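Everything below concerns the one structure shown next.
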Amino acid sequence: MSDLASRECIPCRGDIPPLAGDELAALYADLGGGWELVDDHHLVKTYRFPNFQQALDFTNRIGALAEEVNHHPNICLGWGRVEVELWTHKIDGLAEADFVWAAKADRLEHV
C-alpha cells in the first residue's frame, strides 16, 4: 500500500491549479488500489461487499473520515457496493489531498 495514506490530508484553499502531467501521473501510480482516473479530473472507485450492512458500515467510516479531514467525496451506497467519486471542487480538478483521502479510504475498507 502507498505511503499516501500516512500523509496529512490538507484541504485545498483554492489558490492552486489542478494537478496535471507528470505530477498527476505519479500520484495516481502511487495510489493504486483500483481507483480510476477519469479525464484527469476526478477519481472513482467502487468498493464491493457481501451485503448491504457491510457496505453501509464502510460508508459510515468514510463519512467520518470526510468530516475529520474536511474533504467530502460523492458517495453512492447500494446493496453490496459503495461508489466514491472524488475531486477538489475549489479548483475543479485533482489536488494532492484527493489522493491522500483516497488512500486513507482504502485503509478503512477492511476495518
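Worth saying up front: this structure is predicted, and the values here are computed from it rather than measured. Values reported hereafter were calculated over all heavy atoms of this structure, with side chains retained and with hydrogens, waters and symmetry mates removed.
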Are side-chain heavy atoms of [X] and [Y] found at a separation under 4.5 Å?
| X | Y | result |
| --- | --- | --- |
| L77 | L56 | yes |
| I10 | V69 | no |
| T46 | V84 | no |
| I91 | D15 | no |
| H41 | D92 | yes |
| D57 | F52 | no |
| E85 | C76 | no |

Which atom of [X] lies closest to which atom of [Y], heavy atoms considered:
| X | Y | value |
| --- | --- | --- |
| P73 | L86 | CB-CD1, 3.8 Å |
| W79 | N51 | CZ2-CA, 3.7 Å |
| P18 | G93 | CB-CA, 3.9 Å |
| A55 | G78 | CB-O, 3.9 Å |
| A95 | T88 | CB-OG1, 3.7 Å |

How far apart are the C-alpha atoms of E109 and R61, what are their side-chain angles, what is the distance that settles it, and do they pass the salt bridge (Lys or Arg N to Asp or Glu O under 4.0 Å) test?
-> CA-CA 9 Å; E109 183 176 6; R61 289 192 300 274; over 6 Å; no
Between H71 and D98: side-chain donor-acceptor atoms closer than 3.5 Å =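 Present: a donor and an acceptor within the cut-off.
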Using a distance-only test with no angle check, is there a side-chain donor-acceptor pair under 3.5 angstrom linking H42 and N74?
->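 No, because no side-chain N or O of H42 sits under 3.5 Å from a partner of the opposite role on N74.
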Is E23 atom CD crowded by more than 12 heavy atoms from other residues, nucleotides or ligands, each under 6.0 Å away?
->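 No - once you tally the heavy atoms of other residues, nucleotides and ligands closer than 6.0 Å, there are 12 at most.
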L19 vs Y28, side chain to side chain contact (heavy atoms under 4.5 Å, CB included): CA-CA, chis, key distance, verdict = CA-CA 11 Å; L19 292 169; Y28 182 61; over 6 Å; no
Take D40 and L94 through the test side chain to side chain contact (heavy atoms under 4.5 Å, CB included) and record every step on the way to the result.
-> CA-CA 8 Å; D40 290 350; L94 291 164; over 6 Å; no
Inter-residue atom distance [X].[atom1] - [Y].[atom2], 0.5 Å rounding:
| X | Y | atom1 | atom2 | result |
| --- | --- | --- | --- | --- |
| L65 | N70 | CG | CG | 11.0 Å |
| F99 | L4 | CZ | CG | 8.5 Å |
| K104 | E8 | NZ | CD | 8.0 Å |
| I16 | E96 | CD1 | CD | 9.0 Å |

Donor-acceptor contact present, side-chain D3 to main-chain S6, <3.5 Å =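 Absent.
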Please answer: with hydrophobic residues joined when any side-chain heavy atoms are less than 4.5 Å apart, are V44 and L108 in the same cluster?
->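 Per the 4.5 Å side-chain linkage, V44 and L108 are not co-clustered.
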L31 and L43: side chain to side chain contact (heavy atoms under 4.5 Å, CB included), yes or no, with the steps?
-> CA-CA 10 Å; L31 179 59; L43 297 169; 4.0 Å; yes
Do the charged groups of K45 and D106 touch, with an N to O distance under 4.0 Å?
->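 Yes, charged N to carboxylate O under 4.0 Å.
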Check the angle between the aromatic planes of Y47 and F58 and answer parallel, tilted or perpendicular using the 30° and 60° thresholds.
->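 If you compare the ring of Y47 with that of F58, the planes turn out tilted.
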